[in-house]
Number of protein chains: 2
Amino acid sequence: MADLNNLISPFFLNDKEVRKVIELIFFSYRDFTSGPDKILEKLSFGRAHHRVIYFVGKKNNITIKELLSVLQITKQSLSRVLNQLVKEKFIIVSTGVDKRTKKLSLTEKGKNLESELSTIQIKKIRGVINKFNEDNINGFKKILYEMTEDNSKKIFQQIND
Amino acid sequence: MADLNNLISPFFLNDKEVRKVIELIFFSYRDFTSGPDKILEKLSFGRAHHRVIYFVGKKNNITIKELLSVLQITKQSLSRVLNQLVKEKFIIVSTGVDKRTKKLSLTEKGKNLESELSTIQIKKIRGVINKFNEDNINGFKKILYEMTEDNSKKIFQQIND
DNA sequence: ATAATTAAGTCAATATGGCTGACCTAAATA
DNA sequence: TATTTAGGTCAGCCATATTGACTTAATTAT
């Protein structure tokens with residue numbers, strides 16, 4: 001009776017097992033950001049600053065509009081965080097060919113911080129996937145990808161050419 | 001030269017590939033919580049309420065202290081959220097055998113909300129893992145588990161007996 | 001050439017979810 | 001009896017997000 005699902009679907013997780021996955025997503029996300037958060041705190045920065053620095057570092061000369069579409073926050077929310085980063089010279093702003101637009105890039109100082117923060121997360125991921133095989137790692141990436149909504153998939157493709 | 005790593009380690013992700021994983025973690029987490037968030041918003045609740053409801057549902061008669069150790073927030077932060085949930089009869093409080101402690105459980109109303117919220121996430125996970133094989137799914141769970149810190153591992157084990 | 005749209009910025013108010021510090025009560029334990 | 005533990009509370013603060021209204025300057029469409 002309980003094994004009926006295995007006759008239909010090749011592999012089935014019951015609610016209890018799926019709930020464990022929910023919990024692991026919660027715990028792992030929290031722990032994944034806690035390292036960078038400690039460094040950001042010393043600079044009186046938060047999660048929001050990391051996200052801005054990350055995506056500006058990812059796509060040099062990104063515009064405000066593009067950044068907003070990635071972060072999915074309002075321009076008022078972005079404004080405060082971005083202005084702080086510009087004022088403290090982590091990010092430099094220039095005018096685009098279309099003079100209505102602005103292009104954002106990391107300064108050397110910004111690149112150093114970006115690197116410091118990302119290195120923690122890169123090392124954590126490498127340390128973990130070291131213990132797994134190619135198939136598991138590709139599976140992990142694909143499952144994460146499938147967990148995202150269509151709009152996120154589109155943005156993910158955009159920022160990765 | 002670039003393939004040198006493959007001679008040493010069985011599988012290696014370069015920085016660019018690891019950064020994709022960082023992005024997928026960000027996008028997938030955001031999208032994973034967006035469904036429940038819409039329902040919570042109608043009740044003037046937020047992420048914090050969901051977490052409390054989830055873990056009270058998970059472990060019936062959980063104490064304040066236990067809940068705090070899972071959530072890793074201060075009792076002042078928990079207080080506001082929990083009091084709202086009690087006032088609006090999603091959670092019921094009773095006194096423990098040790099009369100200093102309190103035991104929290106979901107009311108029927110609370111169970112209904114918990115179920116509504118969790119069902120969204122359970123369905124999302126099932127919909128995704130349906131497309132993968134047993135090995136990939138087990139790999140996914142294990143990678144998430146390894147992404148957590150020791151303390152989270154301990155708590156995860158505790159709440160799952 | 002003018003009108004409409006777009007990119008960006010700003011002001012103000014509001015909500016949520018965290019935090020610290022100080023202090024309190026009641027119950028259990030040493 | 002003294003100390004520790006579980007829980008609560010008051011006050012103030014900060015970060016991150018929201019909505020709405022309005023502005024400026026530049027580009028594009030009519």
Trainee: Under 4.0 Å: is that the gap between some side-chain N or O of A/S79 and OP1 or OP2 of C/dG9?
Mentor: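 So the side-chain polar atoms of A/S79 never come under 4.0 Å of the phosphate oxygens OP1 or OP2 of C/dG9.
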Trainee: Does a salt bridge link B/E41 with B/K38, judged by any charged N lying under 4.0 Å from a carboxylate O?
Mentor: no
Trainee: Counting only side-chain nitrogens and oxygens, does B/K65 get under 4.0 Å of the OP1 or OP2 atom of D/dA6?
Mentor: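 Affirmative; the distance criterion is met.
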Trainee: In whole angstrom, give the distance that lies between atom CG of A/L78 and atom P of C/dA8.
Mentor: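 Distance, rounded to whole Å: 10 Å.
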Trainee: Let me know the distance between CZ of B/R80 and P of C/dA15, rounded to the nearest Å.
Mentor: 12 Å
Trainee: For the pair made of CG in B/L104 and P in D/dA6, what is the distance, rounded to whole Å?
Mentor: 14 Å
Trainee: Tabulate protein N/O versus nucleotide N/O from nucleotides 20-24 of chain D, keeping only pairs under 3.5 Å, one per line.
Mentor:
from: D/dG20; atom 1: O6; to: A/Q76; atom 2: NE2; distance (Å): 2.6

Trainee: Given the ring of B/F132, does A/K142 sit roughly above its face, with NZ or CZ under 6.0 Å from the centre of the six-membered ring and within 45° of the axis?
Mentor: no
Trainee: Look at A/S77 and D/dT18 and indicate whether a side-chain polar atom (N or O) is within less than 4.0 Å of OP1 or OP2.
Mentor: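 So the side-chain polar atoms of A/S77 do come within 4.0 Å of the phosphate oxygens OP1 or OP2 of D/dT18, strictly under.
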Trainee: For DNA chain C, find the residues of residues 45-54 of chain B with a heavy-atom distance under 4.0 Å and give them by number; none if there aren't any.
Mentor: B/G46, B/R47, B/A48, B/H49, B/R51
Trainee: Judged by atom type as modelled, is there a donor-acceptor pair below 3.5 Å linking the side chain of B/R30 to the main-chain atoms of A/T148?
Mentor: no
Trainee: Does a salt bridge link B/R126 with A/D15, judged by any charged N lying under 4.0 Å from a carboxylate O?
Mentor: yes
Trainee: Both B/N83 and A/S44 contact DNA chain D. Taking the nearest nucleotide for each, which residue is further toward the 5' end?
Mentor: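 Comparing both residues, the 5'-ward one is B/N83.
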Trainee: Which nucleotide in the list D/dA6, D/dT27, D/dT18 gets nearest to the side chain of A/I73?
Mentor: D/dT18
Trainee: So if I take every side-chain heavy atom of B/T101 and compare against D/dA6, C/dG17, D/dA26, which nucleotide ends up nearest?
Mentor: D/dA6
Trainee: Take the protein atom CD of B/Q72 and the nucleotide atom C1' of C/dC19, then report the distance between them rounded to whole Å.
Mentor: 15 Å
Trainee: Between the side chains of A/E23 and B/K58, is the shortest nitrogen-to-carboxylate-oxygen separation below 4.0 Å, so that they form an ion pair?
Mentor: yes
Trainee: Across the strands shown, which category fits A/V93 at heavy-atom distances under 4.0 angstrom: base, sugar-phosphate, nothing?
Mentor: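 A/V93: no heavy atom of the nucleic acid under 4.0 Å.
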Trainee: Write down the distance between CG (A/L68) and P (D/dA17), rounded to a whole number of angstrom.
Mentor: 12 Å
Trainee: Can you tell me the distance, in whole Å, between the CZ atom of A/R100 and the P atom of C/dA4?
Mentor: 16 Å
Trainee: Starting from the first five and the last five pairs of the helix from C/dA1-D/dT30 to C/dA30-D/dT1, work out the angle between the resulting helix axes, to 10 degrees.
Mentor: 30°
Trainee: Check whether any side-chain heavy atom of B/D37 lies under 4.5 Å from a side-chain heavy atom of B/H50, and answer yes or no.
Mentor: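 They are not in contact (no side-chain heavy atoms under 4.5 Å apart), so the answer is no.
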Trainee: Tell me, yes or no, whether the heavy-atom count around B/I159 atom CD1, taken from other residues, nucleotides or ligands under 6.0 Å, exceeds 12.
Mentor: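 Enclosed.
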Trainee: A side-chain contact here means heavy atoms from C-beta on lying under 4.5 Å apart; do B/F27 and B/I25 qualify?
Mentor: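 Not touching, per the 4.5 Å side-chain cut-off.
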Trainee: In whole Å, I'd like the distance from the CG atom of B/D37 to the C1' atom of D/dA17.
Mentor: 12 Å
Trainee: Roughly how far, to the nearest 0.5 Å, is the CD atom of B/E149 from the CZ atom of A/F32?
Mentor: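 Spacing of CZ (A/F32) from CD (B/E149) equals 11.5 Å.
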Trainee: B/T74 side chain N/O closer than 4.0 Å to the phosphate oxygens (OP1, OP2) of C/dC19?
Mentor: yes
Trainee: Assess whether a salt bridge exists between B/E108 and B/K111, defined as any Lys/Arg side-chain N lying under 4.0 Å from an Asp/Glu carboxylate O.
Mentor: yes
Trainee: Distance from B/Q121 atom CD to A/F26 atom CZ, nearest 0.5 Å?
Mentor: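 B/Q121 atom CD to A/F26 atom CZ measures 11.5 Å (nearest 0.5 Å).
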Trainee: Salt bridge check, A/K109 against A/E88: does any charged N sit closer than 4.0 Å to a carboxylate O?
Mentor: no
Trainee: Please report the distance, rounded to the nearest Å, between NZ in A/K99 and P in C/dA8.
Mentor: 16 Å
